[in-house]
Amino acid sequence: MTAPVPAGGGPEVCAVVLAAGEGTRLRPLTERLPKALCPVGNTPLLDRALARLAGLGLTGPTRVSVNACYLGDQVVAHVGGRAHLSVEPGDPLGTAGGVANLRDWIAGRGVLVGNADAYLADPAAVPGPDVAALLAGWDGETVRLLGQPADDPAAPGTFDGHRFVGFSLLPWRLVRGLPVEPGDLVRAVWRPAEAAGALTVVPYRGTFYDTGTPADYLAANLHAAGGGNLVDPSATVTGRCREAVVGAGATVRGEVTRSVVWPDAEVAAGERLTGVIRAAGGLTVPAAPR
């Protein structure tokens, strides 16, 4: 089955969402929930990634795969039949190993690889079309990265003066030889392609957070709330919220300012939360916003 490609056709492309990581910088939040399922704007990050791919016409288990490892049973249950699932035993294989482990499923196609923890929002385009430039006119031979100009264009980790913002497009010729062992795409694919003059950075004009730290995770949520409150209809709020995201089944009787209240969490009367993430069971993680 051929996956549709935007902007007038091109090589056949499938998509892989990387959701196997441990999210160590978000602990203790990720001790109970894999990072890919952490909600931003009351939507799990993984669902945001799948929606973006759907906006490109990439849906279903023949066209989209999700890898899982850490707390992988939760990822598997959440994805269900919406995508092909690649469960890595033991420790996560990393970005390169995770793609290599899907070689038989990729089967000659180009691969659009997205990080589940990438929060992207472009006011000028809906999810999917906002990253369609990555695929437009692609010849199936070069590597493309989605990027934004870096504060320091010469800083380590940049590509052509840009920082990577969560999505890359890889040709089959570079995927088929990847070993199924722990490794990252930076060293295994991107830097060699850059050295060979076969890497292009496609600019992204919207907002990006990698959500890997409590501060960035909070900032992404506040961005999703658009400067106001974003409260799930099933939440109970009898207290006061200012620039807050309140999840399903949560209860807010106190005051919540520039904070995230996870599903089923509680904020008691008399409590004042500012710049934190509150999870169920009273877990509170401070996260000074950017």
Side-chain angles (χ1 to χ4, degrees), residues 17 19-51 66 68-80 82 115-121 127 207 209-290:
V17 180
E22 296 183 31
T24 55
R25 293 177 297 162
L26 273 181
R27 286 178 180 166
L29 293 170
T30 48
E31 289 177 356
R32 59 181 71 184
L33 190 69
K35 181 167 62 171
L37 299 188
C38 289
V40 169
N42 288 335
T43 300
L45 281 161
L46 180 54
D47 288 353
R48 288 181 173 273
L50 292 174
V66 175
C69 185
Y70 175 72
L71 299 179
D73 56 336
Q74 294 187 42
V75 175
V76 169
H78 188 81
V79 171
R82 291 183 292 165
N115 294 343
D117 61 357
Y119 172 83
L120 299 167
T207 297
Y209 294 105
D210 73 1
T211 72
T213 66
D216 280 340
Y217 174 74
L218 175 57
N221 271 277
L222 297 180
H223 185 274
N229 295 319
L230 186 58
V231 179
D232 187 274
S234 67
T236 299
V237 177
T238 56
R240 186 170 183 178
C241 293
R242 301 186 193 91
E243 296 182 67
V245 177
V246 182
T251 301
V252 177
R253 296 187 176 93
E255 293 188 14
V256 178
T257 303
R258 296 182 63 82
S259 296
V260 180
V261 181
W262 272 16
D264 300 318
E266 297 184 9
V267 181
E271 276 195 288
R272 294 182 177 180
L273 302 184
T274 301
V276 304
I277 300 104
R278 165 65 58 86
L283 174 64
T284 305
V285 177
R290 282 186 166 192

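What you are looking at is a predicted structure, and each value in this text was computed from that prediction instead of being measured.
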Notebook entry, point to check: Which heavy-atom pair separates Ala19 from Val66 by the least distance, and what is that distance?
Noted result: CB-CG1, 3.9 Å
Item checked: Side-chain (Tyr217) to main-chain (Pro39) donor-acceptor, under 3.5 angstrom -> yes
Next item on the list: Could you tell me whether Arg240 atom CZ has more than 12 heavy atoms of other residues or ligands within 6.0 Å of it?
Entry: no
Checklist line | Listed once per pair and sorted, the side-chain hydrogen bond (donor to acceptor under 3.5 Å, both in side chains) pairs that draw on residues 272-286, sequence neighbours left out | finding: Glu271-Arg278, Arg278-Thr284
Checklist line | Pairwise ring pair (Phe, Tyr, Trp, His ring centres under 6.0 Å) hits with a residue in residues 218-246, at least two apart | finding: Tyr119-His223
Next item on the list: Starting at OG1 of Thr211, measure out to CG of Leu26 and round the result to the nearest 0.5 Å.
Entry: 6.5 Å
Next item on the list: Measure from the side-chain N and O atoms of Ser234 to the backbone N and O of Gly249, and report whether any donor-acceptor pair falls under 3.5 Å.
Entry: yes
Next item on the list: For residues Val256 and Val252, report the shortest heavy-atom separation together with the two atoms involved.
Entry: CG2-CG1, 3.7 Å
Notebook entry, point to check: Does the Asn229 side chain pair with the main chain of Ala244, one donor and one acceptor, at a distance under 3.5 Å?
Noted result: yes
Notebook entry, point to check: Measuring from Thr43:OG1 to Asn221:CG, what's the distance to the nearest 0.5 Å?
Noted result: 9.5 Å
Next item on the list: For residues Ala287 and Pro214, report the shortest heavy-atom separation together with the two atoms involved.
Entry: CB-O, 3.2 Å
Item checked: Test side chain to side chain contact (heavy atoms under 4.5 Å, CB included) applied to Val17 and Leu50, step by step -> CA-CA 8 Å; Val17 180; Leu50 292 174; 4.2 Å; yes
Margin query: Any salt bridge linking Lys35 with Glu22? Criterion: basic side-chain nitrogen under 4.0 Å from a carboxylate oxygen.
Written below: no
Next item on the list: Please lay out, stage by stage, how Ser259 and Ile277 fare under the test side chain to side chain contact (heavy atoms under 4.5 Å, CB included).
Entry: CA-CA 6 Å; Ser259 296; Ile277 300 104; over 6 Å; no
Notebook entry, point to check: Salt-bridged, Arg82 to Asp47, with N to O below 4.0 Å?
Noted result: yes
Notebook entry, point to check: Does the pair Leu33 and Leu29 meet the rule for a side chain to side chain contact (heavy atoms under 4.5 Å, CB included), with working shown?
Noted result: CA-CA 7 Å; Leu33 190 69; Leu29 293 170; over 6 Å; no
Margin query: Please give me the minimum heavy-atom distance between Val75 and Pro34, naming the atom from each residue.
Written below: CG2-CG, 3.9 Å
Next item on the list: Considering non-hydrogen atoms only, spot the tightest contact between Ala235 and Val246 and give its length.
Entry: CB-CG1, 3.7 Å
Check: If you look at every heavy atom in Val231 and Val237, which pair is closest and at what distance?
Finding: CG1-CG2, 3.9 Å
Next item on the list: Quick one: pull up OG1 in Thr24 and OH in Tyr70 and give me the separation to the nearest 0.5 Å.
Entry: 9.5 Å
Next item on the list: Test side chain to side chain contact (heavy atoms under 4.5 Å, CB included) on Val267 and Val261 and set out the steps.
Entry: CA-CA 8 Å; Val267 181; Val261 181; 4.1 Å; yes
Check: Any side-chain heavy atom of Glu255 sitting closer than 4.5 Å to one from Leu273?
Finding: no
Notebook entry, point to check: Between Thr251 (side chain) and Glu266 (backbone), is there a donor-acceptor pair under 3.5 Å?
Noted result: no
Note to self: Nearest 0.5 angstrom please: Leu218 CG to Thr213 OG1, how far?
What the structure shows: 9.5 Å
Check: How far does CG of Asn42 sit from CH2 of Trp262, to the nearest 0.5 angstrom?
Finding: 12.0 Å
Next item on the list: Answer whether the closest heavy-atom distance between the side chains of Thr30 and Cys38 falls below 4.5 Å.
Entry: yes
Notebook entry, point to check: Is the number of heavy atoms from other residues, nucleotides or ligands within 6.0 Å of CZ (Arg253) greater than 12?
Noted result: no
Notebook entry, point to check: Sub-3.5 Å donor-acceptor pair from the side chain of Gln74 to the main-chain atoms of Arg32, do we have one?
Noted result: yes
Next item on the list: Could you tell me whether a side-chain N or O of Asp216 sits under 3.5 Å from a main-chain N or O of Asp210, the two making a donor and an acceptor?
Entry: no
